[in-house]
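Every chain is numbered from 1 and lettered A, B, ... according to where its sequence line falls, protein lines coming before strand lines. Keep in mind that what you see is a predicted model, and the values were worked out from it rather than measured.
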Amino acid sequence: MGDKKRNIKGSGGLWEMKEEYSPKQIEPKWQNYWREQNFHRTGGDEGKQKYYVLEMFPYPSGKLHMGHMRVYSIGDVLARFLRMRGYNVLHPMGWDAFGLPAENAAIEHGVDPGQWTNSNIAAMKEQQDALALSYDWEREVTTCHPDYYRWNQWLFLLFFKNGLAYKRKAPVNWCPSCQTVLANEQVENGACWRCSSAVAPRELEQWFLKITDYAQRLLDDLKLLEGWPQRVRVMQENWIGRSEGTDIVFTVQETGDELTVFTTRPDTLFGVTYMVLAPEHPLVGKLLEGNPRAAEIRRIVQEMSRESEIDRTAADTEKVGVLTGGHAVNPVNGEAVPILVGNYVLMSYGTGAVMGVPAHDQRDFLFAKEYDLPIRLVINSLQTNLQATPLAEAYEEPGVLVNSDQFDGLPSEEAIKAVTDWLASNGKGNHRVRYRLRDWLISRQRYWGTPIPIINCAACGPVPVQESELPVLLPGGISLCDNQQSPLADNAAFLQATCPKCGGEARRETDTMDTFFCSSWYYVRYTDPQQDKLPFSKESADYWLPVDQYIGGIEHAVLHLLYSRFFTKFLYDQGLSSAQEPFQRLLAQGMVYKDGAKMSKSKGNVVTPDEIIARYGADTGRLFILFAAPPEKDLDWNDQGVEGSYRFLRRVWRLFQQHRDIFTPVTETVSSTPALGKKEETLRRACHASLKRVTVDIEERFNFNTAISAIMEFVNALYIYMNECNGDEKKSYRPFLREIMETVVIILAPFAPHITEELWQSCGYTTSVHRQAWPAYNPNYLLVDEVEVVVQVNGKVRGRMLVPTAAGEDELLEAARGHEKVQPFLDGKKIKKIIAVPGKLVNIVAADGN
RNA sequence: GCGAGAGUGGCGGAACGGCAGACGCGCUAGGUUCAGGACCUAGUGCCCGCAAGGGUGUGGGGGUUCAAGUCCCCCCUCUCGCACCA
């Protein structure tokens with residue numbers, strides 16, 4: 001360890017420690033101390049390397065739960081550790097403060113959503129402070145404040161000017177309980193992500209952001225995110241759903257209309273025996289004209305489109321089809337095939353029409369069997385001749401084309417290109433890349449959100465509000481009730497507007513923004529939270545971005561994390577920031593369970609951070625939550641386990657109590673201490689081994705659980721030493737022991753900030769333990785003279801021996817051969833081979849006979 | 001069905017291809033205490049054995065290796081994600 005440059009006070013303030021470890025007393029004391037000193041303000045030393053640690057900001061529900069406590073503890077240990085390691089750390093916190101719960105509270109209890117939110121924020125902040133989370137509160141961001149949401153509006157207008165925000169009538173997901181529409185990402189298995197009510201389809205005019213323009217980049221750049229869990233990258237990849245294929249233009253025989261389909265298998269084009277349209281396909285109506293059964297069919301089609309998309313696409317939903325009477329002409333061979341309407345075809349993907357190739361698509365195969373449609377083989381297998389017998393199932397593998405005129409004999413892979421080329425040169429199709437990703441629907445018919453800064457003019461259409469007019473303030477005093485449209489639509493003063501373009505009378509847009517809009521860029525605002533000319537300055541953003549370590553729940557794997565990546569790329573394109581990706585590394589922390597089940601009031605197994613703080617203190621809570629499991633794994637909360645963490649902190653406390661004499665003021669320096677004895681060397685080794693492990697476990701592996709166990713081992717070693725040494729030894733090694741014990745305090749500090757601050761300042765220091773440099777371990781102190789080496793016979797441990805550390809292979813072999821415990825296992829056997837691994841083991845391979 | 005991850009004591013969890021079970025919980029015994037709690041010491045995978053000692057053991061089965069929880073192949077179970085995407 002390095003030189004002492006710390007301030008030590010005189011004997012006056014020393015050891016005023018209470019006998020008993022009492023978190024109730026020391027925790028508030030140090031929280032005040034840090035608050036008064038504005039201790040956690042960012043920066044001050046731009047010469048250091050920057051590190052941005054961020055936990056996903058919470059919705060201000062008013063109460064912290066164990067999940068919050070876990071994320072924040074992880075982030076806080078990291079932030080504190082990195083500061084001690086000499087980084088310039090940004091570690092901010094804020095509030096995702098718009099959203100439905102505030103509005104619902106308003107409806108139920110008649111409270112003002114803003115007041116409700118603000119008092120929740122105050123309550124949660126108090127809890128966060130009680131956990132000693134080292135946030136720079138000067139950078140706090142609250143999304144429902146006008147000085148934040150005006151920049152939502154500013155960014156919206158920027159999207160609008162770039163053609164990336166647009167309004168369109170579209171079938172959308174309506175949540176009847178939340179009384180608003182939802183984005184595709186916010187529908188899980190046909191249910192609202194927030195309240196789990198079944199969503200229903202509706203046709204409405206809505207605002208969208210054109211995230212689909214960024215589909216390819218969002219997909220490609222997943223490669224850059226090596227610090228993300230693979231499963232999250234895979235989820236995003238699936239969600240974007242890139243698919244390469246061919247658009248093929250058929251012609252409707254009866255009307256002459258063009259009918260385009262998308263397929264990934266143009267090589268099977270000659271096998272088309274029918275065509276299926278989505279119930280919502282625009283041609284359906286026209287095709288039914290003149291059909292004697294039109295009325296009946298229309299009823300069936302309406303039935304189909306009434307079902308939600310989710311029901312229709314559920315794997316176990318029966319495929320239903322109905323003939324329209326129309327026919328489609330295949331561009332490649334002029335053949336006319338019947339056109340049906342089918343419930344399994346979705347208007348939202350591809351062109352809303354699919355070609356039916358029953359011989360080579362299992363889904364089409366089953367459908368054709370059901371409806372007695374012809375099956376024509378056009379791809380033959382290289383292994384078995386499929387033409388010999390009727391197919392029992394679709395042949396979906398690649399093969400060689402048959403029954404396909406000029407393409408006969410081509411392998412599928414080549415035929416895909418050949419058919420596409422043929423279609424392209426005949427104006428009947430093109431190569432085409434499609435995505436499953438849809439544009440992001442951002443309007444919400446709710447009050448408590450960012451007003452969309454648009455004025456709807458009868459003459460000019462949607463016109464952006466002038467930048468100088470921002471923010472469009474959310475009016476107060478709105479009476480909230482359950483309603484089909486935004487409550488803002490009832491507010492005449494808000495509604496009334498003048499068209500910025502023509503000056504005519506116009507209506508203000510009453511939809512508000514999805515709250516995911518707020519959370520898509522808040523991490524940039526933290527870099528420059530007071531900025532009032534722009535959302536943030538480029539300089540600040542470029543200094544801090546990307547977030548080096550982001551920590552949060554896996555539930556945002558697609559939603560928030562995809563939207564944020566989209567925003568970051570847009571900001572980059574606009575020259576507002578240089579970051580390509582927002583989050584360098586991502587940690588998806590596991591959930592907190594109790595007794596193997598999710599905590600819930602009905603199960604009566606809820607534990608709250610408040611209870612833990614009241615009973616054991618924040619330090620114990622933090623320590624346990626980090627010790628019980630690695631951060632990315634689910635954690636089972638265990639009351640007895642918490643007890644164990646509390647016990648450990650008391651054990652540390654007692655160590656200092658019992659040996660306070662070590663800390664009486666000294667003038668000696670380390671060099672004047674007598675040479676260390678064997679016991680002391682062992683202790684020093686334990687110290688540096690622990691130091692090494694804690695450093696590596698936090699910095700490289702994020703394994704806080706093993707880091708803590710290393711500190712425990714260190715403390716155990718200190719107890720053993722103290723038991724073994726006598727008063728004289730203790731006295732003469734006082735400076736050495738002092739340094740050892742101070743190391744305990746320093747490396748425990750990121751985990752348990754209060755107790756360590758108390759112990760540290762009780763040792764006589766006037767500067768905070770949290771301002772100390774993280775000690776470097778000395779590899780020389782890890783060395784030992786002798787090591788125990790295992791002797792194996794045929795891979796089984798048969799003996800152990802103590803040999804000099806420096807012993808080479810030859811010496812090991814010598815010693816192993818003569819080892820008494822090993823002899824019996826070698827009797828009557830021949831030694832075939834001996835492997836010696838210095839410092840570890842010797843393995844003797846022996847067998848019977850010669 | 002497709003994709004990803006995971007299966008280790010009574011429990012949470014450790015183990016650069018090199019002594020499986022660190023650390024903690026729980027449990028057992030002893031000490032201390034009027035008692036309880038707290039604390040200290042020792043022990044604690046399973047089986048046989050009084051013991052010394054031996055056997056066995058990381059979901060199952062194969063393989064590579066002097067050596068496998070770890071690498072390769074097959075299978076089973078669980079969790080998560082996607083799921084008629086044309």
[atom1] atoms of [N] and [M], separation to the nearest Å:
N	M	atom1	value
B/G43	B/U56	P	26 Å
B/C23	B/U32	P	27 Å
B/U44	B/G24	C1'	14 Å
B/A20	B/G59	P	16 Å
B/G61	B/G7	C1'	16 Å
B/U58	B/G10	P	13 Å
B/C16	B/C71	C1'	14 Å
B/C76	B/C25	P	40 Å

Using a cut-off of 4.0 Å on non-hydrogen atoms, how would the nucleic acid contact of [X] be classed: base, sugar-phosphate, or nothing?
X	answer
A/Asp634	sugar-phosphate
A/Gly241	nothing
A/Pro630	sugar-phosphate
A/Asn794	nothing
A/Val790	base
A/Arg798	sugar-phosphate
A/Arg265	nothing
A/Asn843	base
A/Glu788	base

Original post:
Looking at A/Asp639 and A/Lys594, does any basic side-chain N land under 4.0 Å from a carboxylate oxygen?
Top reply: yes

**OP:** Answer yes when A/Arg265 and A/Asp361 have at least one side-chain N-carboxylate O distance shorter than 4.0 Å, and no when they do not.
**Re:** no

Original post:
Side chains of A/Asn238 and A/Arg436: donor-acceptor distance under 3.5 Å anywhere?
Top reply: no

Original post:
Without hydrogens or angle criteria, can the side chains of A/Thr212 and A/Asp439 be said to hold a donor-acceptor pair below 3.5 Å?
Top reply: yes

Base-pairing assignment for [N] (Watson-Crick or G-U wobble, both under 3.5 Å):
N	result
B/A52	none
B/U70	none
B/U79	B/A4
B/A42	B/U28
B/A15	none

Subject >> Residue mapping more 5' on RNA chain B - nearest nucleotide basis, A/Met355 or A/Arg701 >> reply: A/Arg701

Subject >> 5' precedence on RNA chain B between A/Gly641 and A/Ser709 (nearest-nucleotide basis) >> reply: A/Ser709

Original post:
Where does B/G9 land, syn or anti, once you apply the within-90°-of-0 test for syn?
Top reply: syn

Original post:
Ignoring hydrogens and angles, are the base of B/C82 and the side chain of A/Asn238 linked by a donor-acceptor pair under 3.5 Å?
Top reply: no

Subject >> Any donor-acceptor N/O pair under 3.5 Å between B/C66 base and A/Lys833 side chain >> reply: no

Does a nitrogen or oxygen in the side chain of [X] sit under 4.0 Å from OP1 or OP2 of [N]?
X	N	result
A/Arg231	B/C82	no
A/Lys840	B/C16	no
A/Arg233	B/G3	no
A/Arg363	B/A83	no
A/Arg800	B/C19	no
A/Thr706	B/G13	no
A/Arg693	B/A22	no
A/Gln362	B/C84	no

Can you check the [X] [atom1] to [N] [atom2] distance for me, whole Å?
X	N	atom1	atom2	result
A/Lys594	B/C11	NZ	C1'	14 Å
A/Arg242	B/C82	CZ	C1'	19 Å
A/Lys633	B/C78	NZ	C1'	13 Å
A/Arg647	B/C23	CZ	C1'	13 Å
A/Ile625	B/C25	CD1	P	18 Å
A/Glu20	B/C39	CD	C1'	10 Å
A/Asn705	B/C11	CG	C1'	15 Å
A/Met712	B/C25	CE	C1'	10 Å

Choosing from [options], which nucleotide comes nearest the side chain of [X]?
X	options	result
A/Asn723	B/A86, B/G18, B/C40	B/C40
A/Asn703	B/C23, B/C40, B/A15	B/A15
A/Lys796	B/G13, B/C39, B/U56	B/U56
A/Gln640	B/A38, B/A86, B/G26	B/G26
A/Lys319	B/C66, B/C84, B/A86	B/C84
A/Leu841	B/G18, B/A86, B/C40	B/G18

**OP:** Determine the interplanar angle of the A/Phe262 and A/Tyr349 rings, folded into 0 to 90°, and report it as parallel if under 30°, tilted if 30 to 60°, perpendicular if over 60°.
**Re:** perpendicular

**OP:** Take the angle between the ring planes of A/Phe367 and A/Tyr371 and call it parallel below 30°, perpendicular above 60°, tilted in between.
**Re:** tilted

Subject >> Result of checking A/Lys369, A/Gln362, A/Arg363 against A/Leu366 for side-chain contact (heavy atoms from CB on, under 4.5 Å) >> reply: A/Gln362

**OP:** Determine the sole option in A/Leu812, A/Thr805, A/Leu802 for which the side-chain contact (heavy atoms from CB on, under 4.5 Å) test with A/Val789 is passed.
**Re:** A/Leu812

**OP:** Go through the steps to decide whether A/Trp637 and A/Tyr593 satisfy the test ring pair (Phe, Tyr, Trp, His ring centres under 6.0 Å), and finish with yes or no.
**Re:** CA-CA 6 Å; A/Trp637 188 270; A/Tyr593 291 97; over 10 Å; no

Original post:
Between atom CG of A/Asn703 and atom CZ of A/Arg693, what is the distance when rounded to the nearest 0.5 Å?
Top reply: 9.0 Å

